[in-house]
Number of protein chains: 2
Amino acid sequence: MLLRTNTPSSRPVDGHLAALAGERVFCSEFRYRRGTEVFGEGEETEYVYQIIAGAVRTYKLLSDGRRQINSFHLPGDMFGLENGAVHRFTAEAVVETRVRITRRRSLLETMQGRESGASSFLGLVTRNLQHAENHMLLLGRKTALERVAAFLLELDERLGHPRILVLPMSRRDIADYLGLTLETVSRACSTLRGQKMLKFEGATQRQIVLLDRKGLAEYDA
Amino acid sequence: MLLRTNTPSSRPVDGHLAALAGERVFCSEFRYRRGTEVFGEGEETEYVYQIIAGAVRTYKLLSDGRRQINSFHLPGDMFGLENGAVHRFTAEAVVETRVRITRRRSLLETMQGRESGASSFLGLVTRNLQHAENHMLLLGRKTALERVAAFLLELDERLGHPRILVLPMSRRDIADYLGLTLETVSRACSTLRGQKMLKFEGATQRQIVLLDRKGLAEYDA
DNA sequence: GAGCGAATTTGATCTGCAGCAACTTTAAGT
DNA sequence: ACTTAAAGTTGCTGCAGATCAAATTCGCTC
């Protein structure tokens, strides 16, 4: 009855659409400096993006500035493709980011031509929904430590279990993704370090080595 | 840039699929007593459901029993249609509920025959995703009072602004939907009543009259 | 590589909501 | 209608995480 609550890698679907990229559906390349807005909530959905290098955050704001980050997008991921005329959230480059861009229209036209088009679009939306469902459980019911552990495992999985996990985003970004404050995220990392579940590599707190993935996973479930 | 964060009515898409119902896609009818499981997380997605009367909750559980309700389904709503072989959450009748049932297979076959089929399926998934995105903002960043106000306005809108809002679900259900405890939900309702934003109608706390929708909406945004 | 602003950590304190308990009210089942 | 469990409210207390503050470290620019 119960399944893993963490999010599986998003490679498959993106790979599907990447096949289209191989046919030069993504015509032009573009760079965004760190902190730059890619598109804003309410703007027209004119372009679709695929990340070559870097990272992007998408978020919603409340009127007083409270921010909720829906998702982080990493190299290979597509974003900005929505079934609607306007974007439902804002997208910003977390770090210096390179993307491939195509017009939404031309992507949809290419898709219509082939059997797999509509279904790969549906697959993308479904994958986003699945991620959102798991994230609602995290935001509604998990403790701070459980959230941070889940976050680290999610990123670890999406990056293919590298020896060193390089976080492109700040503690504040992580906090706004997990529904916490940056101080609480920092404390949770320190706690996990104290429990020998992770360590920092080099002279930065953005490079993390997961020493005990099993232990971290137990904070989930 | 900022748009309404509350969820719009889900009638349009369901109406779309209801057209199929008119053609007897939904063959058989079924009843579930209050608290009965309609399907469980991990079970095969064999049937698709449309509510005639009553209400259904869909939720995920953590191993220690913490529960997060994704969504409530009301008369006219479809649920159980997922793009995958197994259900990603459990569905239960909140109250005595009557549903129309059809086999997933036959619905998908009927859809394939027509232009609108795939797109109305996509529309349904997109609508669920949109709801989830708004709900993540609520769960991650809103206060208890804001959450309860948003919940009441959501239900009010989905039921078409009735004079009396009849809640089919308990305070505990509401709490598990909003990421709170039932006591906090109860207190929030009392607070809003003290502020003359709502009142209870009749000899029950499940029938609510919204006295000040504008005021409630200000707890949002 | 020196200097400076931003990011992170850590400590101290505060607070909104959770947890527990007692009581009241409501509705389900006989 | 009666009975009895379930649901809801309210008060009290506790705590996880927020907030405020300060020190430290990091990374960027010149």
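Numbers restart at 1 for each chain; the letters A, B, ... are given by sequence-line order, proteins then strands.
- Among pairs with a residue in residues 164-178 of chain A, those fulfilling salt bridge (Lys or Arg N to Asp or Glu O under 4.0 Å) read A:Arg57-A:Asp173, A:Arg67-A:Asp173, A:Arg67-A:Asp176, A:Asp176-B:Arg141, at least two apart in sequence or across chains.
- Judged as a side chain to side chain donor-acceptor pair (under 3.5 Å), the pairs with a partner in residues 188-198 of chain A (not counting sequence neighbours) are, in order, A:Gln195-A:Tyr219.
- Scored by the side chain to side chain donor-acceptor pair (under 3.5 Å) test, B:Ser186 finds no partners at all (sequence neighbours excluded).
- Ring geometry for B:His131 against B:Tyr177 counts as parallel: the plane angle stays under 30°, on a 0 to 90° scale with 60° as the upper cut.
- Annotation: salt bridge (charged side-chain N to carboxylate O under 4.0 Å, His left out) contacts of B:Glu96 (sequence neighbours excluded): B:Arg31.
- Taking the side chain to side chain donor-acceptor pair (under 3.5 Å) definition, one finds that A:Thr184 meets it with A:Thr181, sequence neighbours left out.
- Applying the salt bridge (charged side-chain N to carboxylate O under 4.0 Å, His left out) rule to A:Arg66 yields the partners A:Asp64, B:Glu146; only residues at least two apart in sequence or on another chain are considered.
- Applying the side chain to side chain donor-acceptor pair (under 3.5 Å) criterion to A:Gln207, with sequence neighbours excluded, gives no partner residue.
- Judged as a salt bridge (charged side-chain N to carboxylate O under 4.0 Å, His left out), and not counting sequence neighbours, the contacts of A:Glu46 are A:Arg103.
- Applying the side chain to side chain donor-acceptor pair (under 3.5 Å) rule to A:Ser71 yields the partners A:Thr58, A:His73; only residues at least two apart in sequence or on another chain are considered.
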*Spell out protein contact along nucleotides 3-21 of chain D as letters: B when the base is contacted, S when just the sugar-phosphate is, - when no protein heavy atom is under 4.0 Å; keep the 5' to 3' order.*
----SSBBBB----SSBB-
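- Taking a heavy-atom distance under 4.0 Å as the criterion, the stretch of DNA chain C touched by chain A extends 5' to 3' from C:dA7 to C:dA12.
- The overall bend of the helix from C:dG1-D:dC30 to C:dT30-D:dA1, read as the angle between its terminal helix axes built from five base pairs each, is 60° when rounded to 10 degrees.
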